Number of protein chains: 2
Amino acid sequence: MEKRIRVPEPTIARLATYFRCLADLSDQEVGVVSSEEIAFRAGVKASQVRKDLSYFGEFGVQGLGYPVPRLLDRVASILQLDQQHRVALVGAGNLGTALAGFPGFARWNFHILWIFDSSPAKVGQEINKITVEPTSSLPRSLAADLGILAVPGPAAKDVAQLLVDSGVTALLNFTGAHLHLGSKVSVRNVDLTHELAILAYHARRPDPTPES
Amino acid sequence: MEKRIRVPEPTIARLATYFRCLADLSDQEVGVVSSEEIAFRAGVKASQVRKDLSYFGEFGVQGLGYPVPRLLDRVASILQLDQQHRVALVGAGNLGTALAGFPGFARWNFHILWIFDSSPAKVGQEINKITVEPTSSLPRSLAADLGILAVPGPAAKDVAQLLVDSGVTALLNFTGAHLHLGSKVSVRNVDLTHELAILAYHARRPDPTPES
DNA sequence: TAGATTGTTAATCGATTAACAATC
DNA sequence: TAGATTGTTAATCGATTAACAATC
């Protein structure tokens, strides 16, 4: 790799998949793995794997493959999974509460350290050892790098801005609202009704059988 | 539109966004809307909107725009949001319970009618008026078109197969596992740790300032 | 009619894939 | 060395965008 080329977003997403595969291989004490094997597990082409990795350096040994522990470390470092991430969660309804206890987060080094809700009934309660604070206490300096939005749709824009003003630079948005927060803030939207709608389009609709 | 051309997957995803915008416009009693306005609300280009719609027919009036009620109907029909969808949910943990009560679903015509869990402690409980049944009662004929997988990762593959054997043809998968279920079954993966990992990559990493 | 906006074609852009020289 | 697999280039593929004729 010579020039620092822009890394495609799909590459980043696949890197997370590779990370999971590599963690599995590492658990199984596999020492070396080929791009072919990673590709098979991740459901992509081998050349895709090599191309994706090549954006970040050369991690393999020709004729052999990739040393699992080393590659796992490197991928973790690229995704910054080798450092703790402090997460602020807004919305302590059913979804927010489920997210607060989501077992996968801790294993990937994500730690929800703040929970906010606007309902006085929720404020003061403990969820997963965290005391729920009033959303009205925002904005304030939070030392959080990530934020999760699990509030009702109409509140989304305001709460998102409160989080940004509190220093959060990346947001996971479950509200279905379209947020415009400027280019300094990354947003990933998880829209559950959208997902079901896409599935509804496909359900029972056999892929067009090419006739002729 | 003449030939039945393959519709790109991103187009389907955007259609769901347009649907939401159109529903908003309809609530506001707006009668006609331009591709420009839809595009602005959806965060895409106007030509993208027109291209996306053109895969399914001609819904606009030159010089004027699109009649909102008619277009809303048509988009709903394309996504099959004009008919009820029966959903089977497996996994009644925190996440599953939150999904069972997710307010957005009913509004989009998705109805969770079955909830399964493998834990005897959960079976027999009522969640949102639905009695939790044992996962071991699957497979059986379910009259569900969609399935939601909210079980722990290791159980994912088996439970997915049980749902498919029960007649489900589309699956929303929260387990993070990579499912291979053949081409007749659509799968959408929602992987929360992946999303956070992608955000972690971007957090505090200013977009590469071109330094020329 | 003049102005506006669609539907569609063609150009552009960017990502995926195949192919292969480098090399362990 | 012979066999294998990487890293990278070039070809392919598919989606986005711009442009504009059609037409309300």
Side-chain angles (χ1 to χ4, degrees), chain A residues 1-18 21-22 25 30-68 70-72 74-75 78 198 207-208 210, chain B residues 1-18 21-22 25 30-68 70-72 74-75 78 198 207-208 210:
Chain A
M1 188 186 66
E2 271 296 303
K3 311 262 173 83
R4 177 117 343 187
I5 296 277
R6 208 195 112 267
V7 180
E9 194 66 12
T11 290
I12 307 300
R14 282 190 298 267
L15 237 37
T17 308
Y18 304 156
C21 297
L22 290 164
L25 289 162
V30 174
V32 170
V33 68
S34 66
S35 58
E36 196 66 61
E37 172 71 16
I38 298 174
F40 174 75
R41 291 176 178 244
V44 303
K45 292 272 162 73
S47 51
Q48 180 82 269
V49 172
R50 296 200 297 277
K51 178 84 169 150
D52 285 339
L53 295 175
S54 77
Y55 288 107
F56 301 95
E58 311 189 354
F59 310 118
V61 183
Q62 274 107 328
L64 205 72
Y66 299 87
V68 172
R70 188 169 129 65
L71 185 57
L72 179 62
R74 292 298 288 114
V75 173
I78 291 163
I198 294 166
D207 272 335
Chain B
M1 187 186 68
E2 272 294 303
K3 309 262 174 85
R4 176 116 343 186
I5 296 276
R6 208 194 111 269
V7 179
E9 194 66 14
T11 291
I12 307 299
R14 283 190 297 267
L15 237 35
T17 308
Y18 304 156
C21 298
L22 290 164
L25 289 162
V30 175
V32 170
V33 68
S34 67
S35 56
E36 196 66 60
E37 172 69 18
I38 298 174
F40 174 75
R41 291 174 179 244
V44 303
K45 293 272 161 73
S47 51
Q48 179 82 269
V49 172
R50 298 200 296 277
K51 178 84 171 149
D52 285 341
L53 295 175
S54 77
Y55 286 108
F56 301 97
E58 310 189 356
F59 310 118
V61 182
Q62 273 108 329
L64 204 72
Y66 299 87
V68 172
R70 188 170 128 66
L71 185 58
L72 179 62
R74 293 296 289 116
V75 173
I78 291 163
I198 294 165
D207 273 335

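Below, all heavy atoms of this structure are taken into account, side chains as well, without hydrogens, waters or symmetry copies. Quick note on labels: first sequence line is chain A, next is B, and so on, each numbered from 1. All values derive from a computational prediction rather than experimental measurement.
- Between the P atom of D/dT5 and the CG atom of A/Leu53 lies a distance of 16 Å, rounded to the nearest Å.
- Taking only side-chain nitrogens and oxygens, A/Ser54 never comes nearer than 4.0 Å to OP1 or OP2 of D/dG7.
- When rounded to the nearest whole Å, the span between CZ of B/Phe56 and P of C/dG7 equals 14 Å.
- Looking at residues two or more places apart in sequence or on another chain, you find a side-chain hydrogen bond (donor to acceptor under 3.5 Å, both in side chains) between B/Thr17 and A/His194.
- Side chains of B/Ser54 and B/Phe59 form no contact here, defined as non-hydrogen atoms less than 4.5 Å apart.
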- Under 4.0 Å protein heavy-atom contact, by nucleotide of nucleotides 13-21 of chain D - B base, S sugar-phosphate only: --SBBBB--
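- To the nearest 0.5 angstrom, B/Leu71 atom CG is 5.5 Å from B/Leu53 atom CG.
- Of all nucleotides listed (D/dT8, D/dT6, C/dT8), D/dT6 comes nearest to the side chain of A/Tyr66.
- How far OH of B/Tyr66 is from OG of B/Ser35: 5.0 Å, rounded to the nearest 0.5 Å.
- Side-chain contact check for B/Val32 versus B/Val68: every heavy-atom pair is 4.5 Å or farther apart.
- Of all heavy-atom pairs spanning B/Glu36 and B/Ala46, the tightest one is OE1-CB, 3.7 Å.
- We find that CD of A/Glu58 is positioned 13 Å from C1' of D/dT5, with the value rounded to whole Å.
- Looking at A/Phe56 and A/Val7, their side chains come closer than 4.5 Å, going by heavy atoms from C-beta outward.
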- Message: Wobble G-U and Watson-Crick pairs count when both distances are under 3.5 Å; given that, what is the 5' to 3' dot-bracket string of DNA chain C, with | for pairing to other strands?
- Response: ..||||||||||||||||||||||
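- For the pair A/Phe59 CZ and C/dC24 P, the computed distance is 17 Å after rounding to whole Å.
- Of the inter-residue distances, the one linking A/Ile198 atom CD1 with B/Arg14 atom CZ reads 11.0 Å to the nearest 0.5 angstrom.
- For the OP1/OP2 pair of C/dT5 and a distance below 4.0 Å, the side-chain nitrogens and oxygens of B/Ser34 include no atom meeting the criterion.
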